[in-house]
Amino acid sequence: MQGQLISHVVLARRVQEIRRDIYGESGAPMLAEDLDVPARTWVNYESGVIIPATVLLHFLEVTRANPGWLSTGEGDRYGTGQATGTTSC
């Protein structure tokens, strides 16, 4: 997949995996709150609606997800230390 654009559907599946890891199966509303987006909007992102760059960057900050893993599905899922699911932002 290197050198190719990631499908928004593949990205949606990967952010959903991260969300489930950190917030649990029904944690979409909690993540949405941490990202300051409506819960329904986040659920739409997880179903394949294109995630705006600003939201994706905030997601990376909140979850400490590895951008490389989000892009390729390879390597470690998280950067330095897994997120706790809350931020001070």
Side-chain angles (χ1 to χ4, degrees):
M1 189 167 195
Q2 186 174 359
Q4 298 177 348
L5 291 177
I6 183 172
S7 156
H8 61 276
V9 175
V10 171
L11 179 61
R13 180 177 42 89
R14 290 185 186 142
V15 297
Q16 185 180 65
E17 288 178 36
I18 299 267
R19 190 263 304 153
R20 286 180 176 160
D21 279 353
I22 297 171
Y23 292 86
E25 188 63 37
S26 58
M30 290 181 285
L31 174 58
E33 183 177 337
D34 283 351
L35 296 176
D36 200 26
V37 298
R40 184 71 225 157
T41 299
W42 183 257
V43 170
N44 288 338
Y45 295 153
E46 286 190 2
S47 70
V49 172
I50 295 174
I51 304 170
T54 53
V55 174
L56 188 54
L57 289 171
H58 197 191
F59 174 83
L60 291 170
E61 178 183 356
V62 167
T63 63
R64 297 190 186 126
N66 178 349
W69 182 84
L70 280 179
S71 178
T72 66
E74 298 174 2
D76 293 333
R77 215 177 257 196
Y78 300 98
T80 341
Q82 187 170 341
T84 60
T86 58
T87 64
S88 59
C89 296

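In this structure, the side chain of Arg20 does not engage the main chain of Ser26 through any donor-acceptor pair within 3.5 Å.
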(request) Evaluate side-chain contact (heavy atoms from CB on, under 4.5 Å) for Val62 paired with Leu31, printing each intermediate quantity in order. (result) CA-CA 9 Å; Val62 167; Leu31 174 58; 4.3 Å; yes
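Expressed to the nearest 0.5 Å, how far OG1 of Thr41 lies from CD1 of Ile51 amounts to 11.5 Å. Atoms CD and CZ, on Glu46 and Arg14 in that order, are 14.5 Å from each other to the nearest 0.5 Å.
The minimum heavy-atom distance linking Pro29 with Ala39 is given by the pair CA-CB, 4.0 Å. Between Gly68 and Asn66 the shortest heavy-atom distance is N-OD1, 2.8 Å. Between Gly75 and Trp69, the shortest heavy-atom contact is O-CD1, 3.5 Å.
Other residues, nucleotides and ligands contribute more than 12 heavy atoms inside 6.0 Å of the CD atom of Gln16.
When side chains are defined from C-beta on, Tyr45 does not count as touching Leu56, because their heavy atoms never get closer than 4.5 Å.
Linking ILVMFWY side-chain heavy atoms closer than 4.5 Å, directly or via other members, places Val10 and Val49 in a single hydrophobic cluster. Residues Ile18 and Leu57 fall within the same hydrophobic cluster, defined by Ile, Leu, Val, Met, Phe, Trp and Tyr side chains chained together at heavy-atom separations under 4.5 Å. Cluster annotation: Val43 and Phe59 are assigned to distinct hydrophobic clusters (Ile/Leu/Val/Met/Phe/Trp/Tyr, side-chain heavy-atom contacts under 4.5 Å, transitive).
The side-chain contact (heavy atoms from CB on, under 4.5 Å) test with Arg77 is passed by exactly one of Leu70, Asp21, Thr63: Asp21.
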